[in-house]
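Notes to accompany the following structure.
Side chains included, hydrogens not; waters and symmetry mates left out as well; all remaining heavy atoms used. Predicted model, so just to flag it, every value in this text is computed and none were measured.
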Amino acid sequence: TECNKLISQFRLAEKAALTNNKSSSNVQTAEAFMELYRDSHAVTVAETVQHFITTMDAVKLEQRAVDELQPLLSDLLDSLTKLTETPNDFEPNRKVQKWLQKLNAMRAVDEIDEEDSRQLYHDLDSAYAEFTRFLKRS
């Protein structure tokens with residue numbers, strides 16, 4: 001996975017830093033860690049964008065069954081919550097959580113109706129817009 005790759009890269013950077021003299025090793029280790037953090041953050045942002053687009057596409061393609069939508073929304077919320085710099089009351093998280101709660105109360109074979117489908121798409125679209133605004137401010 002991407003996380004394992006980043007951990008591996010960090011360990012290599014740490015080993016390289018330890019082979020240098022002791023005075024600069026802490027600085028190099030810190031720099032290596034910060035570079036990996038930036039890479040990790042970029043991966044998480046990219047994954048979150050991917051989950052938004054995939055979920056919105058599924059709704060646009062009229063997928064309405066709980067067992068089709070719930071995993072997509074769950075993946076999206078997982079990505080959103082990995083972004084630790086977002087506020088606790090981040091609106092995109094709240095909107096996705098609201099829909100997950102609704103779908104989790106339904107059976108897997110149940111489907112949302114046309115009205116709910118349109119509302120879900122609208123909520124996802126506005127959540128995505130808020131997410132991108134947040135990224136631009138960061």
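Enclosure of atom CD in Glu115 is not indicated, since only 12 or fewer non-hydrogen atoms of other residues, nucleotides or ligands lie within 6.0 angstrom. Counting non-hydrogen atoms of other residues, nucleotides and ligands closer than 6.0 Å to NZ of Lys98 gives a total above 12.
Of all the heavy atoms in Phe90 and Phe131, the pair that sits closest is CZ-CA, 4.1 Å. The shortest non-hydrogen separation linking Gln97 to Leu77 is OE1-CD2, 2.9 Å. Closest of all the heavy-atom pairs between Leu73 and Trp99 is CD1-CB, 4.0 Å. The two residues Met106 and Lys102 come nearest to each other via the heavy atoms CG-O, 3.4 Å. In terms of heavy atoms, Ala127 sits closest to Pro92 at O-CG, 3.3 Å.
Taking CZ of Arg94 as the start and CG of Leu80 as the end, the distance is 13.5 Å to the nearest 0.5 Å. Expressed to the nearest 0.5 Å, how far OG1 of Thr86 lies from CG of Leu135 amounts to 10.0 Å. Interatomic distance, CD of Glu68 versus OG1 of Thr55, reported as 12.5 Å (0.5 Å rounding). Rounding to the nearest 0.5 angstrom, the gap separating the CE atom in Met56 from the CG atom in Asp123 is 10.5 Å. Here the CD-OG1 distance, from Glu85 to Thr44, works out to 8.5 Å after rounding to the nearest 0.5 Å. Here Leu124 contributes atom CG and Gln119 contributes atom CD; the two are 10.0 Å apart, rounded to the nearest 0.5 Å.
Legend: residues meeting side chain to side chain donor-acceptor pair (under 3.5 Å) with Glu111, ordered by chain and number and at least two apart, are absent. When the salt bridge (charged side-chain N to carboxylate O under 4.0 Å, His left out) test is applied to Asp57, no partner is found at least two apart in sequence or on another chain.
With a 4.5 Å cut-off on side-chain heavy atoms, Val59 and Leu72 do not count as touching. Between Phe134 and Pro87 there is a side-chain heavy-atom pair separated by less than 4.5 Å. Here the side chains of Ile112 and Leu103 are in contact, with some heavy-atom distance below 4.5 Å. You'll find the side chain of Arg107 stays beyond 4.5 Å of the side chain of Val66, heavy atoms only.
Ion pair Arg133/Glu130 flagged as a salt bridge, since at least one NZ, NE, NH1 or NH2 atom sits closer than 4.0 Å to an Asp/Glu carboxylate oxygen.
When atom types are taken as modelled, the side chain of Thr54 and the backbone of His51 share no donor-acceptor pair closer than 3.5 angstrom.
Linking ILVMFWY side-chain heavy atoms closer than 4.5 Å, directly or via other members, places Phe52 and Val43 in two distinct hydrophobic clusters.
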